[in-house]
Amino acid sequence: MSNTNDLSNRMNESYSKLSKGQKRLAAYITDNYDKAVFLTAAKLGAAVGVSESTVVRFATHLGYKGYPEFQSALEELVRNKLNSIQRMEVTYGRISQSKILESVLKSDADKIQSTLTKIDQNAFELAVDTILHAKNIYIIGIRSCAPLASFMAFYFTLMFEHVHLLSTSSSSEIFEQMVRIGKEDVIIGISFPRYSMRTLKAMEFANNRNAKVITLTDSIHSPMNLYSSCNLIADSDMASIVDSLVAPLSVVNALIVALCMKKQGEVAETLEMLEEIWDEYQVYENDEINYIDDSIKMRYGKVGETNSDG
């Protein structure tokens, strides 16, 4: 698809050449895309009053290989137009209750596989090299993307001295934390539909200060790529009330592993130092792994034993 409104554009551009029945299809889909997304070719035809073959010809006339590809384009349109409540209705309408676990896990696996086939290896290697040589690393992710940013920052901190996870409660706070960003620094912006304007503004600010800009987003047409010289693309699914960010998390994992491989010595030293600190300050107490003190064992005896003094 050339962009997220590709289906709408194709229908608009082809409208004058459509048959009478196909024009009715275009009008129905434009007005009822949230309902049409559920329908098979036969059911869509029945809803409009045309044959199933007319629906299939409509899809191919618009340039799609068949109805399944057309329906994927319709789902993309839905993802970008529905609000959260409508997204939930789409999900529940598409998946039966008994199949939710299987459907969601399979969908996530498909998105990882799809991301693997489309992600640019050169862009990935450029991202690794840029991060490796940056003086300061700034990371930003808002709303559902915040856990990805936090996860990335946690592991980056084990490898690099100057990692800044931007607090994003307000735009002014973001700029205050970035006030010293410069050409030796890098910012990594993570954003998926609905795209965050605050993330975009932070990346614009960084770009204006000649900092390197890396994006992790869902499409080459994402507005997040406006200020980025390195785009990491990962599939996401926003057609439900819960954003599926499994594939983006896998890309984050890959970045962490690639950087760890480049900095094995420093990471080993950091982890060794942390182990000593954890031990000295008893960060991980024995009772956190269900350790039972010997004195407690002695006092209570073994299960089934009676007290000899009784």
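Sequence positions, counted from 1, serve as the residue numbers for this chain.
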Taking C-beta and beyond as the side chain, do [X] and [Y] meet within less than 4.5 Å on heavy atoms?
X      : Y      : value
Leu232 : Thr215 : no
Lys183 : Arg209 : no
Phe160 : Asn136 : no
Tyr138 : Val186 : no
Val55  : Leu25  : yes
Asn253 : Phe151 : yes
Val163 : Ile139 : yes
Thr40  : Leu44  : no

* Asked: For Ile233 and Asp120, what are the C-alpha separation, side-chain angles and deciding distance, and is it a side chain to side chain contact (heavy atoms under 4.5 Å, CB included)?
  -> CA-CA 8 Å; Ile233 307 301; Asp120 186 340; over 6 Å; no
Quick one: does any side-chain atom of [X] pair with a main-chain N or O of [Y] as donor and acceptor, under 3.5 Å?
X      : Y      : value
Glu184 : His133 : no
Gln177 : Ser167 : yes
Asn225 : Ser219 : yes
His61  : Arg57  : no
Ser14  : Lys17  : no
Glu204 : Lys201 : no
Thr130 : Leu126 : yes
Ser150 : Ala146 : no
Thr157 : Ala153 : yes

Atom pair [atom1] ([X]) and [atom2] ([Y]), whose distance is rounded to the nearest 0.5 Å:
X      : Y      : atom1 : atom2 : result
Met178 : Glu173 : CE    : CD    : 13.5 Å
Leu7   : Ile29  : CG    : CD1   : 6.5 Å
Leu259 : Met152 : CG    : CE    : 9.0 Å
Leu255 : Phe156 : CG    : CZ    : 5.5 Å
Ile190 : Leu148 : CD1   : CG    : 5.5 Å
Tyr195 : Leu200 : OH    : CG    : 11.0 Å

Looking at [X] and [Y], what are the two nearest heavy atoms and their distance?
X      : Y      : result
Arg180 : Asp185 : O-OD2, 3.9 Å
Tyr28  : Ala36  : CE2-CB, 4.2 Å
Ile187 : Ala202 : CD1-O, 4.1 Å
Ser191 : Thr199 : CB-CG2, 4.3 Å
Arg198 : Ile174 : CB-CD1, 3.9 Å
Lys263 : Met159 : CE-O, 2.9 Å

* To do: With side chain to side chain contact (heavy atoms under 4.5 Å, CB included) as the test, would you mind laying out the steps for Leu62 and Met11 before giving the verdict?
  => CA-CA 7 Å; Leu62 294 178; Met11 289 193 294; 3.8 Å; yes
* For Gln22 and Thr54, what are the C-alpha separation, side-chain angles and deciding distance, and is it a side chain to side chain contact (heavy atoms under 4.5 Å, CB included)? -> CA-CA 7 Å; Gln22 290 173 340; Thr54 298; 4.3 Å; yes
Cluster question for you: counting only ILVMFWY and a side-chain heavy-atom cut-off of under 4.5 Å, with indirect links fine, are [X] and [Y] together?
X      : Y      : answer
Val257 : Val252 : no
Ile142 : Leu226 : yes
Leu105 : Leu116 : no
Tyr227 : Met197 : yes
Ile220 : Ile214 : no

* So does Tyr155 have more than 12 non-hydrogen atoms from other groups sitting under 6.0 Å from OH? -> no
* Give a yes or no on this: more than 12 heavy atoms of other residues, nucleotides or ligands lie within 6.0 Å of atom NZ of Lys262. => no
* Sidechain N-carboxylate O distance under 4.0 Å for Glu13, Arg10 -> no
* Ion pair present between Lys118 and Asp235, side-chain N to carboxylate O less than 4.0 angstrom? -> yes
* For side chain to side chain contact (heavy atoms under 4.5 Å, CB included), just list the numbers for Asn231 and Thr217, CA-CA rounded to whole Å, side-chain angles, deciding distance to a tenth of an Å, and then say yes or no. => CA-CA 8 Å; Asn231 308 319; Thr217 189; 5.8 Å; no
* Asked: Angle class for the Tyr64/Phe70 ring planes (parallel below 30°, perpendicular above 60°, tilted otherwise)?
  -> perpendicular
